Amino acid sequence: MAKKDFNLLKFLASLKLAVIVIVALGAMTAWGTFVEARYNDAEAASKIVYNSPLMYALMAVFAINLIAVMVDRWPWRERHIGFVLAHIGLLLLMLGAGLTKWTGVDGSMTIGLGEQGKQIIVGETDLTLYSSLDASRYTKIDDREVDFFRNPPTEQKPYVLMMPQGSLKVLKYYPYALRDQKIVESGDEKTGAGLRFQIQNQFVNQTEWLLQPSPQRFATKDFGPAQLILGPADQVDPARNSIVIIPKSETELSYEVHSARDPKNVKKGVVKAGDTIQTGWMGALVVRVLKYIPHAKEQVTFAETESSTPLTSAAILVEYQQSEGAKPSQHWIAVNSMLKLFSDQAVYILAYANRRLPLDFNIKLEKFNVGRYQGTMTASSYESLVNVSDKVGTQTISMNEPLKHRGFTFYQSSFQEDEQGRPTASVFSVNRDPGRWVKYLGCLLIVFGSIHLFYFKRKTRVKPSPAAEYPVAP
Amino acid sequence: MKHIFVALFILLGFANVAHAAATDPLKYLPVQDGGRTKPLETLARETLQLVYGKQSYRGPDGKSRPALEIVMTWMLVPTYWDTQKIVEINHRGLKDSLNLNHDDKYFTPAELFANTRLVLVMQELASFRETKKKLDPYMQAAQRLESQLATYSAAKQGQAFHVAPPKPLAPAQPDAPNPHAGTATGAPKPIAAGENVAPPPTMPMMPMMAGGASARWLAANELEGELKDSFAAMARAFVHALPSDGTQAPATDPVQAKADLQKAVDDFKAKAQAQNPDAYPSETSISVEVHYDSFHPFMWAWICYLLAAVLIAVAWQTSRGALMKAGWLFAVSAFVLHVYGFGLRVYLTGRPPVSNMYESVVWVSFGVMVFAMIFEILNKKKFILLAGCAIATLCLIVGDLAPTILDQSIQPLQPVLRSNMWLTVHVLTITLSYSAFFLAWGLGNIGLFFILRGEKPTDERPRTFSHSIYRAVQVGVVLLAAGTILGGVWADYSWGRFWGWDPKETWAFIALMGYLAVLHARLTGWCQNFGMMAFAVIAFNLVLMAWYGVNFVLGAGLHAYGFGAGGVEYVGAFVALDLIYVGYVTYVKTERERLAATSA
């Protein structure tokens, strides 16, 4: 029995196991990079490979191997210093990585110019259900973490959320999906009209949809100095060129054309699908009515794509049944958006979003500076000037110069700009990393250990021991 | 020994005299392009490189003409160039889409602009861009064609030549609303109200662009008054200085023409500089860049490395001490040229020379030479220096031959990289480790050659090879471990993430694992002399993947600023041939040992 234990230690401490584990780690992580390239998504590689049970198992074997080999070499002598330091360093590095993973925070924060940031957005996703009886005060009735990437629901095995009445099921999950929005007939008298139109002059040729929220309200589309209004507008700005279109019947619309140059002269008429409205202003701009739906609604669907692009997002298909026996309805929700559901007694809001961690202080973005390379719009540098609620004075956060505050560190990550190229918001990555110094210590030991290891070898290798070279052929 | 020196200097001197031309003074005209100021010479070379694929043009008469002459005459004699075959298209699929002849490589701007399919291809490109997907090779070719034609048109109309800084504005209130910008944040694009109003400018005027040091310079076609006249006079002087095509007698004496052009250029420079002296670059930096472009130190470096490699190889085989000394001399001269080239580039960019693939190739070959020279001095084996010179030659030739893949031009740096301390420490350490592994690879390949020639792995020579490889791998492992960790520390400091399994860092990690496996396998007895040589060659593919593959094959991750395209088939073929070589040597060696065992 004792002999068998001894052999197990020999095996766990063996260099051959070390070589196998090292090669396996290399192969595994190489696979990870191909997974990332395949989906164009680092998150996918992280979930499929780097944070998979297989990877953790490999790491565990690696750690056992490292410890076993040190135990096996006990008692250590001077020539072991490098070897022991490097191996302890590796163990500390893994320990530090674990501390970061399990106790740290790694998120992001986007703050608009002049606005305050109060919470960090992290990678975990939650499904949260709120209910209200009067549609103004909402109570959270369910809140749970979901990882649909790892455990995707299917129509056969949906993810079920319990509700006081009725039921809510997540039927599908697409990690990468493109949003497609259609205006369709609603079949509901309470919904407003939908209008597809084209505006055209020598500079512009645009086709757009406008959707009236309800027959009593209006929707506006702005075109710089002009605007198009669908529905009964209370007042028309006399300083602007405006076209007001109001549904008249199932097929006809009445319109008014207001001119900024001549506010008193209002042109009126009636159009139906296929007709055009001559505005007489802005280079004889013409509005053509392409399609008119008296009662329309917006229908959002998602189409799955093979890999991630800046336009795709994760989305889930939800089925809601008001009560047993009632006709179920299906709705798509993209990540970080919500869905309103109605029952006879209550209103529900279902939110599918990245988790938000509230901070106990605020950060206000006072100013954002972008430096550009001369004669171009290419950013050469950017920095955020912020005020922290419990810290005096304005702080600067720039590339390579983060802000540390109350255990959190704020790093300048990127920024958002408008069409004129002016910054509108600053994006920070925010983290708290309790494993940092453990990792750093580990790294230091690895580097010193390996230098010592090779230096020491050099001294002893002046006279190579006969055992160092094996005969290759018998 | 003296003869070699003389030969070297004659060679170098020739390089400078050969290109002296009457049009030279115009080379030194400062222009603004791509986010920095540079000499017109550089702009002309980069422009011709983009449009024509080379830095000099070979016309129908078979004569080679410098970029400056070509690109300037696009503006001065556009009708001529519209019908010359100067637009390079390589992609077969793109030629198909445009109904162009497969066998042709160059096309005239006129035929391309008249091509009815061009609009469709450009629409295809625009709608592909809207999907925000990565461009495939066809789309990349279409994108290149788009910029080729745009660049040609811009050069033709003088828009490409931003020759004078605008006059500085009165210091504006930094917080004052920008009068050129739209009405509201995020407002949709306005429709031009009426015919007399110009359509909205495509490039909005930024406050900093209206004046100040980073303002956009005036293009040749935007000049007014004195500047315009001076520019016209300079253009005339340039035309006079152009070499005649041989059919007619030169209108003016070249020496006189050169002096006239110099005067005209000086006059224009003085006027342009007077506009905004702060924004105008110094004479020195412009001259250095023209010198860097025309002297091309790295080309002379690889020529010397090649000579050195040949001399050392002969010296090694024939054991002649004098030849080895000559080899050393050429190796050191090459190294001096190499360092000189770096010096110029660092002066011009103001940053460590490792910010793109081209620079890293040049830098890694430099590191290889550093290690090779140190190891050679310590061990005196000759073949170490041979391997170093051979690799340096290979790297620098590749850097010269593949300008479309390894972009030699100096480009602005991403904001995150503008930290000289971190960039220097992290990237230089990592790339130096590549150098050490590269040297081990070279030694491995040469060592395997001797196995192929019948030496046993236990013989003296393979043992010394194996030992040198082992040393190089050790140095590489320490540098790669330290460099990867430093990268982690930089990432932690700048992004707050020590390790994020980004493909670039992951492949550095994989390469580290690969070499660690080799080092540990050596201790287990799995990897002896022969194994060291074979694995030094095989494991270098991991370095190639980390260095080249992540950027050019995988094309994913945070290190996207270094990404490029092309060359995969060449690198792939090279790697495949190398692996076949290793496989063949292994086969030959095993067979030999089997035969020895059965006969014994």
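Throughout, protein chains are lettered first and strands after them, A, B, ... in sequence-line order, and every chain is numbered starting at 1. These numbers were taken from a predicted model, which means no experiment stands behind them.
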Counting only non-hydrogen atoms closer than 4.5 Å, does [X] touch chain A with its backbone (N, CA, C, O), its side chain (CB onward), both, or neither?
X: B/Thr484; value: neither
X: B/Val489; value: both
X: B/Tyr493; value: both

Atom [atom1] of [X] and atom [atom2] of [Y]: how far apart are they, to the nearest 0.5 Å?
X: A/Leu15; Y: B/Trp526; atom1: CG; atom2: CH2; value: 9.0 Å
X: B/Trp507; Y: A/Thr29; atom1: CH2; atom2: OG1; value: 7.5 Å
X: A/Thr376; Y: B/Gln32; atom1: OG1; atom2: CD; value: 8.0 Å
X: B/Gln474; Y: A/Leu453; atom1: CD; atom2: CG; value: 8.0 Å
X: A/Gln374; Y: B/Asp33; atom1: CD; atom2: CG; value: 10.0 Å

[X], [atom1] atom: more than 12 neighbouring heavy atoms under 6.0 Å:
X: A/Phe448; atom1: CZ; value: no
X: A/Lys221; atom1: NZ; value: no
X: A/Tyr39; atom1: OH; value: no
X: A/Glu208; atom1: CD; value: yes

In B/Leu512, B/Leu516, B/Leu519, the residue satisfying side chain to side chain contact (heavy atoms under 4.5 Å, CB included) with A/Ile22 is B/Leu516
* If we only count heavy atoms from C-beta on, is the B/Trp499 to A/Thr100 side-chain gap below 4.5 Å? -> no
Are any of the side-chain heavy atoms of A/Leu93 and B/Phe498 separated by less than 4.5 Å?
-> yes
If one checks every heavy atom of A/Ser413 against chain B at 4.5 Å, the contacting part turns out to be neither
Applying a strict 4.5 Å limit to non-hydrogen atoms, the region of A/Ala30 in contact with chain B is both
Nearest heavy-atom contact between B/Thr524 and A/Lys16 is CG2-N, 3.8 Å
Heaviest contributor of heavy-atom pairs below 4.5 Å to chain B, chosen from A/Asp106, A/Asp433, A/Val23, is A/Asp106
Scored by heavy-atom pairs under 4.5 Å with chain B, the best of A/Pro310, A/Ser46, A/Ala379 is A/Pro310
Within residues 435-442 of chain A, the residues sitting under 4.5 Å from chain B by heavy atom, in sequence order, are A/Arg436, A/Lys439, A/Tyr440
N/O donor-acceptor pair under 3.5 Å between A/Tyr411 side chain and B/Asp492 backbone: yes
Pair count under 4.5 Å, heavy atoms only, with chain A: among B/Gly514, B/Gly35, B/Ala482, B/Ala511, highest is B/Gly35
